[in-house]
Amino acid sequence: MKIGIADTTFARIDMGGIAIDEIRKHASVGLERYVVPGIKDLPVACKKLIEERGCDLVMALGMPGGAEKDKVCAHEASQGLILCQLMTNKHIIEVFVHEDEARNAKELAWLMEQRTREHAVNAVRLALRPKDLEKLAGTGQRQGFEDVGPARP
Ligand code: RDL
Ligand code: RDL
Ligand code: RDL
């Protein structure tokens, strides 16, 4: 089992390093990292991690900026990541933290780290422990900020 990590230099926190640190806590798997300038470069990085570097699942990590053009860019990147999943029949866990989800740099750093760590656990579950996800079905999980929880407790 090999997990790919694709991340960007645009992000304001080392999301790839954090993802690798978290995955190592939960599983003994091969890891391949591929760093690109920005989120629109992630789809092909993921495709190469899957097709050329033998990854079974990839995490795509990035930080869309707060401007309108960044949101368009994030939507385009997301479409590319979904297309790549359909082309390769492999999961890509998209970990995007929009810069304007946080009120300041300190909260942004916290959110980026927290969402990355929680989705790294999701990546391990998808790759190795799908039954763990089944147990969490319909429980209102979120990554980063607090879980919302089930509507019928
Ligand atoms: O291929 C080079 C760049 O076009 C690519 O890296 C883009 O993803 C860079 N980029 C933008 O051009 C932009 O307008 C990024 C953002 N916004 C953004 O919000 N977040 C990024 N990249 O990671
Ligand atoms: O690949 C991991 C996640 O990116 C993926 O599971 C997304 O579908 C999660 N997600 C969002 O990132 C988001 O901004 C969801 C929502 N919004 C949403 O409204 N409902 C979801 N997922 O089920
Ligand atoms: O309702 C508040 C948030 O859940 C909502 O704004 C989400 O869309 C935030 N969000 C993203 O914007 C995103 O790109 C989330 C994810 N990805 C994600 O992977 N997991 C989340 N929220 O819980």
Side-chain angles (χ1 to χ4, degrees), residues 1-65 73-99 101-102 105-150:
M1 179 61 62
K2 206 191 255 190
I3 296 182
I5 304 293
D7 65 312
T8 70
T9 59
F10 191 99
R12 296 176 63 194
I13 286 285
D14 177 13
M15 300 176 84
I18 292 166
I20 288 168
D21 178 67
E22 189 66 27
I23 290 170
R24 286 210 174 110
K25 289 184 193 167
H26 301 276
S28 168
V29 292
L31 290 162
E32 291 279 338
R33 188 169 183 183
Y34 193 146
V35 180
V36 293
I39 50 177
K40 281 199 277 189
D41 311 311
L42 288 171
V44 74
C46 292
K47 189 160 175 283
K48 287 165 84 72
L49 281 166
I50 292 165
E51 293 182 348
E52 297 174 8
R53 288 160 74 173
C55 293
D56 302 286
L57 178 148
V58 175
M59 293 182 73
L61 306 133
M63 189 203 75
C73 186
H75 181 255
E76 287 163 347
S78 207
Q79 300 258 287
L81 290 169
I82 291 167
L83 189 60
C84 180
Q85 295 182 77
L86 297 173
M87 288 172 82
T88 58
N89 227 17
K90 304 278 186 208
H91 282 291
I92 297 172
I93 294 289
E94 179 201 284
V95 188
F96 281 3
V97 177
H98 297 255
E99 199 170 9
E101 284 185 74
K106 186 169 174 240
E107 188 178 54
L108 179 67
W110 172 84
L111 180 60
M112 290 176 77
E113 172 157 4
Q114 193 62 26
R115 184 167 295 160
T116 299
R117 289 193 184 279
E118 291 189 39
H119 269 318
V121 173
N122 279 332
V124 171
R125 287 171 176 147
L126 259 182
L128 299 171
R129 294 160 205 152
K131 281 279 168 202
D132 287 5
L133 284 175
E134 211 174 303
K135 284 184 203 134
L136 291 169
T139 57
Q141 300 292 311
R142 297 293 184 272
Q143 295 75 34
F145 294 122
E146 219 178 312
D147 295 338
V148 177

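Basis for what follows: all heavy atoms, side chains included, without hydrogens, waters or symmetry-related copies. The chain is numbered in sequence order, starting from 1. Just so we're clear, the structure is a prediction, and the values are computed from it rather than from any experiment.
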Going by salt bridge (Lys or Arg N to Asp or Glu O under 4.0 Å), name the residues that satisfy it together with Arg125, two or more places apart in sequence or in a different chain. none
What pairs with Asp21 under side chain to side chain donor-acceptor pair (under 3.5 Å), at least two apart in sequence or on another chain? Arg117
Could you tell me whether Glu118 and Arg115 have a side-chain N and a carboxylate O separated by less than 4.0 Å? no
Listed by chain and number, what are the side chain to side chain donor-acceptor pair (under 3.5 Å) partners of Lys2, not counting sequence neighbours? Glu32
Using residues 87-97 as the side-chain source, report each donor-acceptor pair under 3.5 Å to any protein atom, sequence neighbours left out, with the distance given to one decimal.
unit_1	atom_1	unit_2	atom_2	d
Thr88	OG1	Cys84	O	2.7
Thr88	OG1	Lys90	N	3.4
Glu94	OE1	Ser78	OG	2.5

Ala45: partners by side chain to side chain contact (heavy atoms under 4.5 Å, CB included), with sequence neighbours left out: Ala6, Tyr34, Val36
Please name all residues satisfying side chain to side chain contact (heavy atoms under 4.5 Å, CB included) with Val44, sequence neighbours left out, ordered by chain then number. Lys48
Keeping to residues at least two apart or across chains, list the salt bridge (charged side-chain N to carboxylate O under 4.0 Å, His left out) pairs with something in residues 75-89. Lys40-Glu76
Output all residues satisfying side chain to side chain contact (heavy atoms under 4.5 Å, CB included) with Arg142, sequence neighbours left out; order by chain, then residue number. Asp147, Val148
Within a radius of less than 6.0 Å around NZ of Lys25, do more than 12 heavy atoms belonging to other residues, nucleotides or ligands occur? yes
Check side chain to side chain donor-acceptor pair (under 3.5 Å) between Thr139 and all other residues, then give those that pass, not counting sequence neighbours. Gln141
Provide the full list of ring pair (Phe, Tyr, Trp, His ring centres under 6.0 Å) pairs with a residue in residues 106-139, sequence neighbours left out, each pair given once. Trp110-Phe145
Can you name the residues that form a side chain to side chain contact (heavy atoms under 4.5 Å, CB included) with Arg24, not counting sequence neighbours? Ile20, Leu31
Non-neighbouring partners of Gln79 that pass side chain to side chain donor-acceptor pair (under 3.5 Å), sequence neighbours left out: none
Counting neighbours of CZ on Arg12 that are heavy atoms of other residues, nucleotides or ligands and sit closer than 6.0 Å, is the number greater than 12? no
